[in-house]
Structures are given as C-alpha cells and as structure tokens.
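The next block holds one structure in the form of structure tokens; read it before the comments.
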Number of protein chains: 2
Amino acid sequence: MITIKDVARAAGVSVSTVSHVLSGRRPISEPTRLRVLEAIERLGYRPNRLAQGLVSKSSRSLGLLVPDLANPFFGSMAEAMEIAAHDRGYSVILCNTNLDSRREADYLSMLLSRQVDGLLYFPGTRVPNRALLEAVAAGVPVVVVDERIDNLPGVFVDNFDGGRQLGRLLAQLGHRSLLFIGGPEGLPTVTDRLNGLRAGLAEGGGAPANLLLRFGEYRASHGYETIHICAREGVFAAVGEERPTAVVAANDMIALGALRALRELQLQVPRDCSLTGFDGVEFTAMITPSLTTVQQPSTRVATAAVELLLQRIEAGENHRDRAGQQQPHDDQAEVAPVIPHVVLPVTLVVRESVAPPPPQR
Amino acid sequence: MITIKDVARAAGVSVSTVSHVLSGRRPISEPTRLRVLEAIERLGYRPNRLAQGLVSKSSRSLGLLVPDLANPFFGSMAEAMEIAAHDRGYSVILCNTNLDSRREADYLSMLLSRQVDGLLYFPGTRVPNRALLEAVAAGVPVVVVDERIDNLPGVFVDNFDGGRQLGRLLAQLGHRSLLFIGGPEGLPTVTDRLNGLRAGLAEGGGAPANLLLRFGEYRASHGYETIHICAREGVFAAVGEERPTAVVAANDMIALGALRALRELQLQVPRDCSLTGFDGVEFTAMITPSLTTVQQPSTRVATAAVELLLQRIEAGENHRDRAGQQQPHDDQAEVAPVIPHVVLPVTLVVRESVAPPPPQR
DNA sequence: TTGTAAGCGTTATCAA
DNA sequence: TTGATAACGCTTACAA
C-alpha cells in the first residue's frame with residue numbers, strides 16, 4: 001500500500017506538506033504543490049480513510065437500516081438516499097433489518113463501532129426499538145424515515161391525507177362497505193392511513209356502513225392470504241351492505257397480493273370489487289388493472305431525510321463536545337429541543353382499479 | 001468516546017490485557033478476565049473498528065456495486081448478499097452505479113480508500129469497466145455477479161439454458177415468429193439468453209420463420225416503448241408468418257412494460273400474443289396474466305457470491321503479501337490461474353402468459 | 001500470566 | 001513556506 005510517507009519521500013517534502021496539499025488547509029508554494037501532486041499521481045496514492053477517520057473522529061459514513069429491500073418501495077428509497085449521501089461525500093452502510101428487532105440491535109452496535117456519523121432508520125415493526133434509543137442517547141444523529149416517531153426527527157409523507165383522499169374517492173363512488181388490509185397493527189403509517197380513510201369516507205358520503213379491518217405484514221403474501229381468509233369466512237358471499245365493495249390495501253405490495261387473490265376468487269376488479277394501494281411504486285402503473293394508489297414523492301423523501309441528517313451531523317460537529325450529549329437534568333425549565341418532522345405531500349393517482357360498486361344483489 | 005484505555009484503567013490492567021480478553025488470542029486468568037469484562041460492560045465500551053482496521057489492514061467490509069435498486073431483482077439480490085455478509089462478520093457499503101461508468105469509477109476509488117476487503121460487482125452496462133480492472137490489478141478481490149466476465153471470478157445463472165427452455169416451450173406451442181426485447185446489446189446475460197432461445201426454438205420445432213430483435217435498457221419503460229414502437233412500425237399488423245405471436249423479454253421488468261403496452265394495443269396476452277420474462281421476481285406470480293418466466297435462485301446466487309468472495313479474501317490474507325499481486329511476467333509457461341465461475345441452474349416457470357399462437361388470419 | 005512500547009496512516013500543533 | 005512530532009484507538013511483538 002502506498003502511504004502519505006511514500007509520497008512525501010518521492011516529492012522530497014514532509015508528510016505534513018503532502019497532507020496540506022491535499023486538504024488545502026494551508027498555503028503551499030506552487031512549485032512544491034505541483035511536485036507533490038505529480039508524486040501522488042505517479043504513485044497512485046489514495047488516502048486511507050480509516051486513518052483519516054481515526055484522527056478526525058468521523059468516518060463520513062451513514063448507517064441505513066431498511067426492513068426489506070425486495071420491496072421496490074424501499075429499494076427506490078434506499079437508492080435515492082445513497083445517491084444523495086454520495087453527492088454530499090458520505091458513504092452508506094447497508095443493513096437489512098428484515099423486520100427483526102434483534103437484527104436491528106446487532107446492526108446498530110456494529111454501526112456505532114464503525115463510527116458512523118448518522119443513522120437513516122426505517123422502522124419495520126412497532127416502534128421504538130430499544131437499541132435505537134440507546135444509539136440516540138449515545139449522541140448519534142438519527143433521522144427516522146417513512147414512519148413517524150414522535151420524539152425523534154423524521155421525514156415522512158402525509159399518510160392521513162393520503163387515506164383521506166382515498167376515502168373521499170371511494171365514498172363519492174358510492175362505496176359504503178370496505179375491507180381495509182393494513183400493515184403491522186399500530187404502525188403510524190397504518191394507523192394514519194386508516195384514520196385518514198375514515199375521515200375521507202365521512203366527508204365523501206356519510207359514515208360507512210361497514211369497515212372491516214385486517215392487519216399483518218407489508219407484503220404481497222399478506223394481501224393474498226387475507227383475501228382468501230376473508231373469502232373462507234364468507235365475507236365476499238355476504239349480501240347487501242355487509243359485502244365489501246372495495247378493498248383498501250395499506251400499501252402497493254399488499255394490493256398486488258390482494259388483486260391476485262380476488263382474481264382467483266373470480267371477483268373482477270373493479271367491476272365486482274374496487275382496490276387501492278399506497279406508495280405509488282412503478283409496477284402500479286403497469287399491472288392490469290392499473291392500480292389506484294397514493295403516490296409518495298420517494299426521491300424527495302429520501303433526499304430530505306439525507307439533508308436533515310447531514311444538517312444535524314454538521315450542527316453537532318460544531319457546537320457540541322463529542323461525549324454524547326448528556327441532557328442537563330438540573331434545569332427542568334429549559335426549552336424542549338424542537339424535534340423536526342418533515343411532512344411531504346402525497347398525490348392520489350386514480351387508475352383503473354376503482355369503479356362504482358356493483359348493483360346490490 | 002470510551003476507549004480501551006478507559007477500560008484498562010477501570011479494570012486495573014494494561015491495554016494489552018483488555019485487547020487479549022476481547023480477542024482471546026492469549027490466555028488470561030479467570031479473575032482478571034472477569035474484571036475486564038465487567039469494566040467493559042459497565043462503561044459500555046465498544047471497540048473502534050476504524051482503529052482496528054488501521055492496524056489489521058482490513059476493514060471487514062465489502063463494496064456492493066449495483067445498477068438499480070428500484071428493480072426488485074437487484075433489491076432482493078442486494079438484500080441476500082448483505083445478509084450473507086453480515087452473517088460472516090462483514091459490512092456492506094452500498095453503491096448505486098445507476099448504469100453510469102463514471103459513477104462506477106468514482107465509487108471504486110472511494111471503496112479502495114475505505115480499505116474494503118472485497119467487491120461485489122453487478123455490471124450494468126457493457127463490460128469491463130476500466131476502473132474495475134484497475135481495482136483488480138491493485139489486488140482487491142472481486143466477484144462479478146449476474147453477468148459473466150471471462151477473466152474475472154463470477155457467480156451467475158445458466159442464462160443460455162433458461163433461454164433454451166423458453167425457446168423449446170414456445171416452439172412446441174407452435175410459435176414461429178417472435179419478438180425478442182433484449183436488455184443492453186452485447187451484455188452476456190442478453191446474448192446468452194438470446195442464443196439459448198435460438199437453440200431452444202430449433203430443438204422444439206425447426207428454425208423460426210422470424211425472430212425480431214430489439215435492445216435497450218433492463219427497464220419496464222423499455223419494454224413498454226418497444227412494443228409501441230413496433231406497433232407503429234406495423235409489426236403487429238403484419239399478416240401470416242411475419243406477425244410475432246410471442247414476445248420474449250430479456251427480463252421481468254421489460255416484460256411488465258411490454259404487457260402494459262400490448263394491452264393498450266388491445267392485444268390480449270396470451271390469446272393474441274404470448275409473453276415471457278426472465279428472473280422470476282415476486283410480482284410475476286401476482287400480475288394478470290401471471291408471467292411465464294425463468295426463475296433464478298437469487299438467494300443462492302447471492303450467498304454463493306459472498307462465499308466465493310470471502311474465500312478469495314481469506315486466501316489472499318494468508319499466502320500473499322499485500323502489495324497487489326503483480327503477475328510474475330518472467331515465466332510465460334506458468335499455469336494460468338483458474339478463474340472460478342459458479343453457474344447455477346434456473347427453472348422454467350410456466351404460467352398464464354403463454355399459449356399456442358392464434359390461428360393465422 | 002501480564003505489561004511496555006512500537007507502529008498502523010492520518011491530521012494538527014508547534015516550531016523554525 | 002515548511003518540517004518534526006504528538007496524537008487518534010487499537011494490535012502485537014517482545015519483555016518481564
């Protein structure tokens with residue numbers, strides 16, 4: 001390995017001169033600068049970032065904790081975040097939490113060992129994770145993405161409004177009996193979308209006669225199985241107001257699975273039953289029928305999260321000693337620190353999968 | 001930050017003792033061991049991996065270069081690789097090359113700076129990338145995934161066989177005129193799948209009367225646009241053997257886009273036109289019609305790639321000095337080093353999207 | 001069984 | 001305008 005010493009020797013200068021040529025932190029005479037640059041080029045020198053990190057106490061890297069990269073929603077978010085971080089000179093350490101809080105704790109510990117400068121955290125299950133709070137207590141800047149956690153900074157979309165727009169649309173079309181297939185019960189995204197849905201239904205045409213709730217994972221299999229289970233329970237065989245005329249899935253993956261199951265039950269979407277998703281991933285525009293969904297501005301969410309995180313990292317680097325900000329407990333009356341929550345707007349995208357309910361049998 | 005010195009002081013021992021308690025590299029008397037462990041626990045000590053890496057000359061991390069995480073195929077591969085690496089004690093630095101070879105070069109340089117122990121590389125465009133070869137020359141172990149690059153170790157599936165199975169199936173159904181929508185022209189995956197297709201068609205029922213080829217990106221938009229362009233060119237208006245009765249997409253994303261476009265043209269799949277994909281990502285089973293495709297064993301590919309890479313990393317750590325293995329040029333007759341290529345089998349999954357061709361008009 | 005000290009590749013503080 | 005040199009937190013000879 002070529003080190004700064006080799007370069008110094010080759011250029012006939014001291015290591016500090018080489019270092020300063022690279023950092024530009026002090027003026028260097030043009031001739032020596034050129035000589036150093038030439039030596040660097042010639043030897044193919046590349047500074048060792050581990051060593052840099054050791055002295056600067058910053059690895060210029062971020063930990064990204066994501067539940068499920070096979071879901072294209074998380075995939076595109078991860079992609080956009082990594083790109084934003086790279087643009088700002090940070091690398092991203094990928095961690096697949098897989099909806100497992102023991103894995104999460106494991107990763108968090110590893111990330112702290114690696115001296116990451118901050119954490120981008122997608123909560124997968126009910127929150128908050130103990131290990132995450134410890135990391136926060138240890139002074140590592142964290143930005144929570146997608147889900148809302150009250151006492152942590154976060155970036156997410158207006159899930160309530162998305163649900164509300166769906167509710168209004170369905171109510172206006174005449175749907176009064178719905179099946180809501182949620183993600184994990186209690187997750188803010190699930191609850192907010194559901195509450196929004198209720199509000200929208202009320203606005204659009206009076207309280208629904210029937211709103212059936214199911215919860216589970218944010219996966220296609222959950223949508224698929226839920227529909228089949230409901231069918232076995234006779235939900236779709238019911239007559240009149242009992243029978244759901246629309247299925248509202250808490251995300252696009254669930255909707256995808258539900259669509260398949262509905263078809264297997266010979267229920268045609270949207271003729272026999274409407275269906276909606278949430279997130280607006282690419283395939284929703286491509287499948288048959290194309291899916292009515294709520295579009296998240298994924299790239300904006302991702303870049304906003306990275307921006308917010310870097311902002312906090314850089315703020316911390318300036319006016320804080322690095323021993324983990326222990327809260328001053330002596331002064332109860334101090335101003336509570338403002339926890340920034342960036343909420344981005346969503347867009348309802350109406351496509352083929354919704355229609356008025358079928359005439360009652 | 002709490003360091004090994006703090007622990008040593010708290011336990012009343014030297015730093016080397018603490019280090020050895022942690023590494024187990026030399027026997028420690030039980031009482032001191034316990035005292036050290038207790039101090040570690042009490043202080044919440046976490047070894048600094050930057051410092052460890054500096055002395056051990058290994059960061060225990062891998063660079064993962066992937067073209068497009070929004071594609072669920074890459075998403076699930078990335079997920080499986082990260083998990084395999086984590087299981088073996090390695091972290092993964094995520095790099096989104098976005099089909100851009102300048103970005104690739106950029107990332108490669110950063111990864112070398114960060115002292116990654118190895119590289120997991122998904123080529124996105126025509127190969128090989130110059131910067132990658134430089135990295136290889138610099139002695140960094142690389143495993144190429146998904147694509148085949150002759151003089152680099154790699155893990156990929158039997159693309160030829162996959163194409164062949166598709167070809168046989170379609171020929172046996174009676175298709176004699178096909179449209180092949182490829183990915184980037186010249187990529188091994190594309191070429192191999194196409195050559196396999198040709199072979200399979202020949203085996204299944206004589207040479208095809210007509211095989212129309214199009215190339216472009218591995219994206220849904222490419223499939224979508226290609227179909228529309230072909231339609232504008234009158235491809236689907238042709239009569240008799242000229243008109244393609246099946247569309248073979250080089251991957252599932254292309255097929256997804258193609259399916260949408262066919263539907264917009266009022267061509268029903270599979271009644272008017274059959275359609276196949278490649279990769280076997282989750283949504284292929286869910287969409288309507290469900291897609292006939294070639295299933296890759298993604299998890300096996302991913303873990304095999306990680307295994308192969310770690311094997312090479314660990315081999316290098318033992319019997320090689322770390323100055324970049326300069327090939328001994330003096331001996332022309334030396335045995336060429338064996339470049340391992342792990343080829344995994346694929347499975348044809350026949351679903352609704354294929355049928356015999358419609359009767360000729 | 002344990003401790004001392006050199007060194008990993010940088011940056012930063014002093015002097016010169 | 002430059003150069004020594006002490007850190008940074010750790011591992012690992014070498015000594016004791």
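Order of the sequence lines sets the chain letters (A, B, ...), proteins ahead of strands, with each chain counted from 1.
Side chains of B/S91 and A/R114: a donor on one and an acceptor on the other come within 3.5 Å. With 3.5 Å as the limit, one finds a donor-acceptor pair spanning the side chains of B/S58 and B/D117. Of the N and O atoms on the side chains of A/H20 and A/R26, at least one donor lies less than 3.5 Å from an acceptor on the other residue.
If A/I4 and B/S29 are placed on DNA chain C by their nearest nucleotide, the residue sitting closer to the 5' end is B/S29.
The separation between A/L54 atom CG and D/dG9 atom P is 7 Å, rounded to whole Å. The interatomic distance linking B/R114 (CZ) with C/dT10 (P) rounds to 14 Å, in whole Å. Rounded to whole angstrom, the span from the CZ atom of A/R60 across to the C1' atom of D/dC8 amounts to 18 Å. When the P atom of D/dG9 is taken as reference, atom CG of A/L50 falls 15 Å away, rounded to whole Å. The nearest whole Å value for the distance from the CE atom in B/M1 to the P atom in D/dC8 is 12 Å. For the pair A/R33 CZ and D/dT2 P, the interatomic distance rounds to 12 Å; values are reported in whole Å. Between the CZ atom of A/R49 and the P atom of C/dC8 there is a distance of 22 Å, given to the nearest Å. C/dG9 atom P lies 16 Å from atom CG of B/N48, rounded to whole Å.
Applying the ring-ring contact (aromatic ring centres under 6.0 Å, His included) test to pairs two or more places apart or on separate chains, those with a residue in residues 78-98 of chain A are A/H86-B/Y107.
Rounding to the nearest 0.5 Å gives a distance of 9.0 Å between CG of B/N129 and OG1 of B/T97.
At the phosphate of C/dT11, OP1 or OP2 sits under 4.0 Å from a side-chain N or O atom of A/Q52. Of the side-chain N and O atoms in A/K57, none sit less than 4.0 angstrom from OP1 or OP2 of C/dT11. Between A/S56 and the phosphate of C/dT10, there is no side-chain N or O to OP1/OP2 separation shorter than 4.0 Å.
Within residues 13-26 of chain B, the residues that place at least one heavy atom under 4.0 Å from DNA chain D are, in residue-number order, B/S16, B/S19, B/H20, B/R25, B/R26.
Put simply, the residue from A/V21, A/V15, A/I40, A/L37 that forms a side chain to side chain contact (heavy atoms under 4.5 Å, CB included) with A/V7 is A/I40. Looking at A/L62, A/L64, A/L65 one by one, the single match for side chain to side chain contact (heavy atoms under 4.5 Å, CB included) with A/L111 turns out to be A/L65.
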